[in-house]
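Single-structure report; data block below.
Chain identifiers are assigned alphabetically (A, B, ...) following the order of the sequence lines, protein sequences preceding nucleic acid strands; residue numbering begins at 1 within each chain. Every value quoted in this text rests on a predicted model; they were computed, and no experiment measured them.
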Amino acid sequence: MKRNILIAVAWPYASADIHVGNITGSYLPADIYARFHRLQGNDVLMVSGSDSHGTPITVRADEDGSTPEEVYQRYHKRFLDLFQKLGLSYDLFTSTHTENHFRVAQTMFSALKEKGYMYAETQEQWYSTSQERFLPDRYVEGTCYICGFENARGDQCDQCGNLLEANELINPRSKMDGSTPELRDTEHFYLDLGALQSKIVDFLKEREDYWRPNVIRQSLGQILAEDLHGRAITRDLKWGIPVPVNGWEDKRLYVWFEAVIGYLSATIEWAALSGDEELWKDWWYNSDSRVYYFIGKDNIPFHAVIWPAELAGVGNTFGALFDEDDKHNLVLPYDVPANEFLNMEGKKISGSRNWVVDGLDFLSRYDPDPLRYYLTANMPETRDADWEWKEFVTRNNNELVATWGNLVNRVLSFAHKQWEGKIPDPGDLRPEDEAILEVIQKGFKKAGDLYNRVKLRAALTETMHLAGEVNKYIDNQAPWFEIKEDKDAAGKTIFTAIRAIDSLKILFAPVLPFSCEQLHQTLGYNKPLFEEQYTESVDDNLGTHEVLRYREGEVCCEWQPSEISPGSPFREPQPLFQKLDPEVADEEYNRLGK
RNA sequence: GGCGAGGUAGCUCAGUGGUAGAGCAGGGGACUCAUAAGCCCUUGGCCGGCGGUUCAAACCCGCCCCUCGCCA
């Protein structure tokens, strides 16, 4: 049955470059899952964008002497570049700084307010009299009231590691100009999560049996132990989305409330760009559609609790306010397959200490598929994983090159030489030929089940295992002997092997799109396996923003075994992957921390 | 402090009640189509610790230790 699948991918903060930990945490698994479902023939939409608001961006702008807008544009462009090079096939990668997102986010706010899930409350916050503005917690420094450290930030003390109540800092000073701030009253809106608790508990319990244990148990456990309480969703800032209430024009929606709304607004923007403004409803108003949220474990509460609370809270009021269609509720998350973290050579990744492998930097020296392969084979699906350069090189050489790449090369070069670039006609297949093809066929079911349940690492292992089975089959048949005495027998073996390879191409394609596309062309197909990515500029009243898109066009092949025909021509094979000198592992390791 | 996840072969990880598994690394072998790749055989583990339930525990229960995340 054809299904609408929405792949909702974490929104990167546009204040730092993306590293391999970010990639394996959410962006890569999302893309693999999207490609798998496209091959399944489902209606897939994969959306995300740059989180362009929030304190990290204003902090970066203040440090650089630039504006938040410039900071977000700079990193956003680098994201688009990286995602294209890495083959992350977003149907739309946009940003939160668009007129459309402002409107959708403000509508969500208004809908929640109308439903009675918002209340206003006054709190005290540090105010800079010299700059005439309220200071975000991390803009205030002072003495830690727990350990006495003199340079603690308002939100956290770097010496004792405790999270702090900014208002209790001793000897506070503004990070901006060193002046002494004063506490002033300020009023903010709160999302009444307490009132939404029973809806959230029901929502989680319905999904208890198939969600990953760390996601479901943490969310449910925390709620049942402590109950949900209201959270402030507005801030005294200039950069961001204005609160759509009279008298509140100077305040902004808090990013954690606003950014998750991007999943909805990006789908709406995608529909408008596609030429049919109503299309987004096929995913958001369709109770049969499935929405998957690919995120890292640090984001679990926002996607398993807070965002579902926003969605359940608005009910049909979002539609009523947005385009006067009050017949539908918004679809709640189907699954939140959050990944754990990736460490770097045994230590935590740290951007500031350069203990990190940057995505663009990596791709300046290596191809995308080896990275995708290594990160998937080692994906932190159940626990933290570790990036080791040595392991990257050995997995590339022993698995990608030796098992899969060499299988393709040994079969196709032999075939090309002996049958002059045409696939041999096997006549009737022998039992051993049928047997290996059946193993492959069962692989579609087995790997398909694993992909479907978002066990990407296991799906890849299974596929690599099948490549091993084909290598065994070839060694058993030994077509290089067969051809000396009985060319027809060798033809049966090679035909069978080519079909197996052509099938494995489909099974590997979600993880290894570039090399599978290359193999696909070598085998003589006209239409590509996947469509193309491209960028486009979009104008609105907030300015111009560049987006990443995915072209819709004719593609070949679905999730089923090869039916490639005898006699059809194919090209001389070129290696799919390059072997790496083991020394590069040391070279790369020595770059870390410098 | 509260809520969780993880701790299994040298390394990376599967395995949730019935005689410990895979890949890589290590050792040995036969072959040559292939990127000296692939194939066959093989060494290697008191399954974090201590108790408990059971005819039977890596798996269930309790306590403890270590790593990581979230919340306060």
In terms of side-chain heavy atoms of [X], which of [options] is nearest?
| X | options | result |
| --- | --- | --- |
| Arg395(A) | U12(B), U35(B), C33(B) | U12(B) |
| His229(A) | A72(B), G7(B), U35(B) | A72(B) |
| Asn471(A) | A34(B), G7(B), G38(B) | G38(B) |

**Message:** If we count only N and O atoms by modelled type, under 3.5 Å, do the side chains of His303(A) and Tyr263(A) hold a donor and an acceptor together?
**Reply:**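 Yes.
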
**Item:** Any donor-acceptor N or O pair under 3.5 Å, side chains Tyr190(A), Gln123(A)
**Value:**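 Their side chains do contain a donor-acceptor pair, which is all the 3.5 Å distance test asks for.
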
**Asked** Quick one: is Arg217(A) getting a side-chain N or O under 4.0 Å of the A5(B) phosphate, OP1 or OP2?
**Response**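 Yes, because at least one side-chain N or O of Arg217(A) sits under 4.0 Å from OP1 or OP2 of A5(B).
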
**Prompt:** Atom CZ of Arg457(A) and atom P of A22(B): how far apart are they, to the nearest Å?
**Reply:**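 For the pair Arg457(A) CZ and A22(B) P, the rounded distance is 17 Å.
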
**Item:** Integer-rounded Å distance: C70(B) C1' and Glu340(A) CD
**Value:**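 Checked: the CD to C1' distance equals 11 Å.
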
**Request:** Decide if the gap between the ring center of Tyr27(A) and the ring center of Phe294(A) is smaller than 6.0 angstrom.
**Result:**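 Ring centres of Phe294(A) and Tyr27(A) not closer than 6.0 Å.
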
Looking only at N and O atoms, is any donor in the side chain of [X] or the base of [N] less than 3.5 Å from an acceptor on the other one?
| X | N | result |
| --- | --- | --- |
| Gln222(A) | G4(B) | no |
| Asn409(A) | A34(B) | no |
| Asp475(A) | G38(B) | yes |

Quiz: residues 436-444 of chain A side-chain donor-acceptor pairs under 3.5 angstrom, not counting sequence neighbours:
from, atom 1, to, atom 2, distance (Å)
Glu438(A), OE2, Lys442(A), NZ, 3.4

**Request:** May I ask you to say what Pro479(A) touches in the nucleic acid, namely base, sugar-phosphate or nothing, with a heavy-atom cut-off under 4.0 Å?
**Result:**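 The residue Pro479(A) makes no contact with any strand.
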
